[in-house]
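Notes follow once the structure below has been shown.
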Amino acid sequence: MYALVDGNNFYVSCERVFQPALNSVPVVVLSNNDGCAIARSNEAKALGIAMGAPWFQIKHLEASAGLVALSANFGLYGDMSDRMMRLAAALGPRQEIYSIDESFIDLAGVRGDLVERSHAIRSRILQGTGIPCGIGIGRTKTLAKLANHIAKTAERKPGSYPEQLAQVCNLESLSVPERDAVFAATPVGEVWGVGRQISKKLLTGGVNTVQDLLRLDLATVRRQFSVVLERTVLELRGTPCIELEHMAQAKKEIACTRSFGRPITELHHLNEAVTEFASRAAEKVRKQQGMAAQVLVYIRTSPFRKDDRQYSRSVTVPLRRPSADTAVLVQSALRGLSSIFVEGFRYAKAGVMLLDLQSDRVQQGELDLENDQTEDRSRLMLAMDTLNRRFGKGKVHLASAGLAGNQRTWSMRQERRTPGYTTCWADIPIARA
DNA sequence: TCTGGGGTCCTAGGACCC
DNA sequence: TCTGGGGTCCTAGGACCC
């Protein structure tokens with residue numbers, strides 16, 4: 001048995017903790033560059049704002065419907081997430097942190113009434129962090145996800161499901177007819193693993209609800225779709241195919257990509273951006289004690305600007321040997337960039353990815369033919385990471401990264417950023433009696 | 001004027017091998 | 001007219017997730 005604990009409208013809820021005036025007001029949190037809505041309060045959803053809606057298309061709701069939009073404050077959300085996860089972990093013996101606002105809990109061996117216990121944990125999270133969450137319980141991770149969806153929908157849209165399923169939904173505690181009714185009332189697209197494309201194909205074949213999907217023949221599913229969907233169907237029937245990942249796995253690739261605040265035409269600006277992205281990625285790979293054997297760099301124009309001539313290229317640069325050294329990774333990325341850069345385009349986005357990652361503890365032995373300084377270099381990187389952690393991101397960087405943040409022409413827009421309430425001493429709220 | 005960022009897994013097809 | 005069979009490895013692209 002698994003539970004899925006998931007924060008409601010997570011980013012919006014984080015902001016509301018520190019700005020209670022936002023409660024019961026339609027609120028969205030915008031992606032980097034203030035580009036599109038990546039979190040919506042229930043009131044914002046009720047206004048018909050879709051996930052990922054471009055800000056410039058919904059901006060008019062500010063004046064007409066009192067919509068409040070905030071720039072994403074990921075530092076705050078990460079910290080709130082840690083607090084929520086620690087409280088959620090008390091629900092069972094093992095926890096898998098699946099995303100910033102979701103964790104699976106293995107309920108094996110947990111005694112007593114699971115629904116009651118879940119409500120208690122839910123209250124503790126609400127009290128301790130201010131974040132409301134939903135809890136779904138099922139025999140497999142897919143069923144727990146589905147139960148979570150039902151718990152949240154039952155709360156948000158009264159009448160959609162039986163009232164007692166709101167906030168906490170345990171599918172195992174339902175009778176067979178009750179469960180069938182719930183499955184028949186749930187669109188197939190809500191299932192974990194069924195996205196837009198598969199959903200479309202299923203609907204064409206007359207498979208509309210979870211109940212329909214569950215009854216499909218396994219071999220047919222495999223033939224017409226894939227083993228992935230076959231597993232999903234099995235999971236819906238109660239056969240576990242996806243295990244809980246208790247230990248966080250090392251990443252297999254690490255990316256740092258950004259859209260620019262305005263189009264870039266000049267190579268030296270791209271050089272700055274790519275230096276910055278490769279440096280960030282290098283930090284991340286060192287943090288997981290890894291090294292990369294290949295560096296991928298890409299640049300592209302904006303596909304949304306139909307009138308612009310389009311260009312999109314990427315190149316993978318193999319390293320002579322795996323490295324986590326900022327200078328090595330930046331140099332490779334810049335070399336790649338110069339090989340794909342073409343003059344005359346309005347570039348909207350660039351990115352660096354580190355591929356073929358491996359542990360830095362397994363080093364390929366090698367004859368020291370070129371005055372090996374690996375030891376010194378990794379001490380230098382350690383010093384750089386320590387300084388940047390202590391004094392702020394990017395305080396120590398390579399010269400090719402260019403000017404300090406706010407002087408760059410390509411920096412992303414973030415016009416509605418809230419303070420670092422829990423992560424920055426200067427921003428800590430003051431309580432008054 | 002303005003459309004995010006960071007991941008994973010699977011599959012198909014090509015290169016290459018015997 | 002007819003042109004093997006079976007395997008591995010790699011890559012690109014597509015689908016999904018949040």
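Here is the naming used below: chain letters follow the sequence lines, and residue numbers restart at 1 for every chain.
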Can you tell me how far C1' of dA15(C) sits from CD of Gln197(A), to the nearest Å? 8 Å
Short side-chain N/O contact from Arg231(A) to OP1 or OP2 of dC9(B), under 4.0 Å: no
Between Ala348(A) and Ser226(A), whichever has its closest DNA chain B nucleotide further toward 5' is Ala348(A)
To the nearest Å, how far apart are Lys141(A) NZ and dC18(C) P? 12 Å
Across the strands shown, which category fits Lys59(A) at heavy-atom distances under 4.0 angstrom: base, sugar-phosphate, nothing? nothing
Establish, with yes or no, whether the OP1 or OP2 oxygen of dG6(B) is under 4.0 angstrom from a side-chain nitrogen or oxygen of Thr257(A). yes
Can you see if the side chain of Arg305(A) gets near the phosphate of dC2(B) - specifically, an N or O under 4.0 Å from OP1 or OP2? yes
Across all strands, who's sitting opposite dC18(B) as a Watson-Crick or G-U wobble pair, both distances under 3.5 Å? dG5(C)
What's Asn32(A) touching, base or sugar-phosphate or nothing? Going by heavy atoms closer than 4.0 Å. sugar-phosphate
Does a side-chain N or O of Ser31(A) approach OP1 or OP2 of dG5(B) to a distance below 4.0 Å, or not? no
Specify the separation, in whole Å, of atom OH of Tyr98(A) and atom P of dG7(B). 14 Å
With P as the reference atom in both, quote the distance from dT3(B) to dC18(C) in angstrom, rounded to an integer. 25 Å
Starting at CD of Glu96(A) and ending at C1' of dC17(C), how long is that distance when rounded to a whole Å? 12 Å
Distance-only polar pair, side chains of Thr301(A) and Asp308(A), donor-acceptor under 3.5 Å: no
If you measure from the Lys or Arg side-chain nitrogens to the Asp or Glu carboxylate oxygens, is any gap between Glu96(A) and Lys141(A) under 4.0 Å? yes
Glu102(A) side chain, from C-beta outward: closest of dC16(C), dT3(B), dC18(C): dC18(C)
Once you round it to whole Å, what is the distance between P of dG6(B) and CD of Gln288(A)? 15 Å
Could you check which of dG6(B), dT3(B), dC18(C) has an atom nearest any side-chain atom of Asp101(A)? dC18(C)
How long is the line joining CD of Glu230(A) and C1' of dA15(C), in whole Å? 17 Å
Closest listed nucleotide, where the reference is the side chain of Ile254(A) and the choices are dG4(B), dG7(B), dC2(B): dG7(B)
Closest approach to the side chain of Glu253(A), judged atom by atom: which nucleotide of dA15(C), dT8(B), dG6(B) is it? dT8(B)
Measure from the side chain of Ser259(A), starting at C-beta and using heavy atoms only, and say which of dC16(C), dT3(B), dG4(B) lies closest. dG4(B)
Below 4.0 angstrom from OP1 or OP2 of dC18(C), is there any side-chain N or O of Lys145(A)? yes
Of the listed dC18(C), dT3(B), dA15(C), the closest approach to the Phe304(A) side chain comes from dT3(B)
Show your working on side-chain hydrogen bond (donor to acceptor under 3.5 Å, both in side chains) between Tyr347(A) and Ser302(A) and close with a plain yes or no. CA-CA 7 Å; Tyr347(A) 293 99; Ser302(A) 169; over 6 Å; no
Would one find a side-chain N or O of Lys252(A) under 4.0 angstrom from OP1 or OP2 of dC9(B)? yes
Please state how far atom CZ in Phe260(A) lies from atom P in dC2(B), giving the value in whole angstrom units. 14 Å
Lys284(A) NZ to dG5(B) P: how many Å, rounded? 11 Å
Short side-chain donor-acceptor distance under 3.5 Å, Ser259(A) and Asn33(A): no
Remember a base hit wins even if backbone is also touched, and classify Val29(A) as base, sugar-phosphate or nothing at under 4.0 Å, heavy atoms. nothing
Counting any heavy atom closer than 4.0 Å, what does Leu30(A) reach on the DNA or RNA strands: base, sugar-phosphate only, or nothing? nothing
Checking Gln414(A) against Arg417(A): is there a side-chain donor and acceptor pair closer than 3.5 Å? yes
Distance under 6.0 Å and angle within 45° of the ring axis: does Lys201(A) meet both against Phe225(A)? yes
Any salt bridge (Lys or Arg N to Asp or Glu O under 4.0 Å) pairs touching residues 6-18 of chain A, not counting sequence neighbours? Asp6(A)-Lys152(A), Arg16(A)-Glu43(A)
